[in-house]
Amino acid sequence: MSEIKAIIQSAIKARNDVRSRRVSVLKLLQSNNMESYFQVCCSRIINGADFADLAAEGIEVVMPAGLDQYDIDLTSDGMGKSRDILLGYIPGEKLADTFVMLCQEEAVTNEINAMAKELRNMSLIELINGFLKMSIRDRKKYQNENGEELKQCYILEFLCRSYLWRCKKKVCEVSRDVYLRFKLRRVIKELMVETEV
């Protein structure tokens with residue numbers, strides 16, 4: 001339950017929807033000792049999809065480390081569309097279990113996003129009234145663990161709307177940008193020194 005609570009809190013703090021989990025084709029193939037077929041499998045998946053709109057089909061090409069390394073992440077839609085290709089490398093039962101797990105994960109993520117959106121769409125007065133109702137009027141009804149977590153969500157939403165929270169968020173963004181600029185400059189200088197030598 002603590003993982004879901006952390007996801008809910010991150011959705012409220014970020015003021016955006018949470019991205020649902022994806023399944024890595026490389027990890028799927030590695031779990032079945034088929035990683036040597038990774039390039040072929042990925043090529044077949046990409047060629048079998050509408051190349052112009054891979055993301056809409058649930059297929060994301062990810063390049064984490066360098067341009068020579070990549071992976072393909074699949075949503076449940078992408079996994080469904082790539083099922084026939086994946087069955088050539090992964091046993092059907094394991095693929096079905098992974099698909100069910102991914103669908104359940106997406107359902108939980110959709111519920112979390114709906115709850116966070118509902119909190120974002122409440123007016124300040126509705127938010128305060130809802131918290132007071134849970135804390136004072138219907139106190140006995142909300143004295144369980146779920147009620148306490150719901151009250152914490154209302155408080156967090158209230159705090160995230162404050163001016164201080166927006167200032168804190170802006171300072172964090174600016175400091176992250178400054179850090180990345182200095183890091184990028186250092187990398188560029190190192191590359192320039194290597195090319196001059």
Side-chain angles (χ1 to χ4, degrees), residues 1-120 145-146 149 153 172-173 176-177 179-181 183-184 186-188 190-191 194-195:
M1 192 66 172
S2 62
E3 182 181 352
I4 292 175
K5 183 179 176 182
I7 294 170
I8 291 171
Q9 288 178 349
S10 68
I12 293 171
K13 287 178 183 178
R15 317 297 293 153
N16 289 322
D17 287 345
V18 176
R19 183 175 179 255
S20 63
R21 290 191 181 166
R22 309 304 199 239
V23 172
S24 165
V25 172
L26 178 62
K27 290 180 182 175
L28 263 176
L29 292 173
Q30 285 175 342
S31 68
N32 292 292
N33 297 322
M34 299 291 281
E35 59 267 9
S36 58
Y37 297 101
F38 173 71
Q39 299 287 338
V40 176
C41 181
C42 289
S43 295
R44 289 179 64 199
I45 290 172
I46 291 173
N47 289 335
D50 179 19
F51 190 74
D53 204 8
L54 287 175
E57 294 200 19
I59 301 169
E60 297 176 5
V61 179
V62 181
M63 295 185 162
L67 295 176
D68 58 336
Q69 298 175 335
Y70 71 95
D71 192 7
I72 292 182
D73 290 346
L74 302 173
T75 63
S76 61
D77 292 338
M79 199 166 186
K81 290 180 180 174
S82 306
R83 181 180 178 276
D84 294 335
I85 296 168
L86 292 171
L87 279 174
Y89 305 97
I90 300 165
E93 186 177 307
K94 188 165 189 176
L95 193 61
D97 290 343
T98 305
F99 181 73
V100 168
M101 179 202 66
L102 189 60
C103 288
Q104 290 171 346
E105 194 69 37
E106 285 181 358
V108 169
T109 303
N110 289 338
E111 290 294 323
I112 289 170
N113 288 335
M115 182 184 145
K117 185 176 182 178
E118 188 175 324
L119 287 172
R120 281 193 300 265
E145 183 180 341
N146 292 336
E149 288 179 5
C153 289
C172 289
E173 288 174 6
R176 187 181 64 240
D177 289 345
Y179 169 75
L180 289 175
R181 284 182 185 171
K183 187 175 179 180
L184 185 61
R186 189 177 73 229
V187 169
I188 290 173
E190 289 174 6
L191 288 173
E194 288 177 8
T195 56

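The figures here come from the full heavy-atom set of this structure, side chains too, leaving out hydrogens, waters and symmetry mates. One-based numbering along the sequence shown.
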Any chance you could measure [X], atom [atom1], to [Y], atom [atom2], to the nearest 0.5 Å?
X: Asn32; Y: Tyr37; atom1: CG; atom2: OH; result: 12.5 Å
X: Ile112; Y: Lys117; atom1: CD1; atom2: NZ; result: 15.5 Å
X: Ser10; Y: Ile8; atom1: OG; atom2: CD1; result: 9.0 Å
X: Leu28; Y: Ile72; atom1: CG; atom2: CD1; result: 11.5 Å
X: Ile90; Y: Ile85; atom1: CD1; atom2: CD1; result: 11.5 Å
X: Leu102; Y: Glu106; atom1: CG; atom2: CD; result: 4.5 Å

Q: For Gln9 and Cys153, run side chain to side chain contact (heavy atoms under 4.5 Å, CB included): C-alpha distance rounded to whole Å, both residues' side-chain angles, the deciding distance at 0.1 Å, then the answer.
A: CA-CA 7 Å; Gln9 288 178 349; Cys153 289; 5.7 Å; no
Within-4.5 Å side-chain heavy-atom neighbours: [X] and [Y]:
X: Val23; Y: Phe99; result: no
X: Val25; Y: Asp71; result: yes
X: Leu74; Y: Leu86; result: yes
X: Ser24; Y: Gln30; result: no
X: Leu119; Y: Met115; result: yes

Would you be so kind as to tabulate the donor-acceptor pairs closer than 3.5 Å made by side chains of residues 40-49, with sequence neighbours excluded?
| residue | atom | partner | partner atom | Å |
| --- | --- | --- | --- | --- |
| Ser43 | OG | Gln39 | O | 2.9 |
| Arg44 | NH1 | Tyr89 | OH | 3.2 |
| Asn47 | ND2 | Ser43 | O | 3.1 |

(Q) Can you tell me if Glu173 has over 12 outside heavy atoms packed within less than 6.0 Å of its CD? (A) yes
(Q) Listing request: all salt bridge (Lys or Arg N to Asp or Glu O under 4.0 Å) pairs with a residue in residues 6-22, at least two apart in sequence or in separate chains. (A) Glu3-Arg21, Arg15-Glu157, Asp17-Arg120, Arg19-Glu60, Arg21-Glu105, Arg22-Glu60
Q.
Please determine whether side chain to side chain contact (heavy atoms under 4.5 Å, CB included) holds for the pair Met79 and Thr75, giving the CA-CA distance in whole Å, both sets of side-chain angles, and the decisive distance to 0.1 Å.
A. CA-CA 6 Å; Met79 199 166 186; Thr75 63; over 6 Å; no
Q) Looking only at atom types and distance, does a side-chain atom of Glu149 sit under 3.5 Å from a main-chain N or O of Lys5, one as donor and one as acceptor? A) no
Q: List in chain and number order the residues that pass side-chain contact (heavy atoms from CB on, under 4.5 Å) with Arg83, two or more places apart in sequence or in another chain; answer none if no residue qualifies.
A: Leu87, Leu95
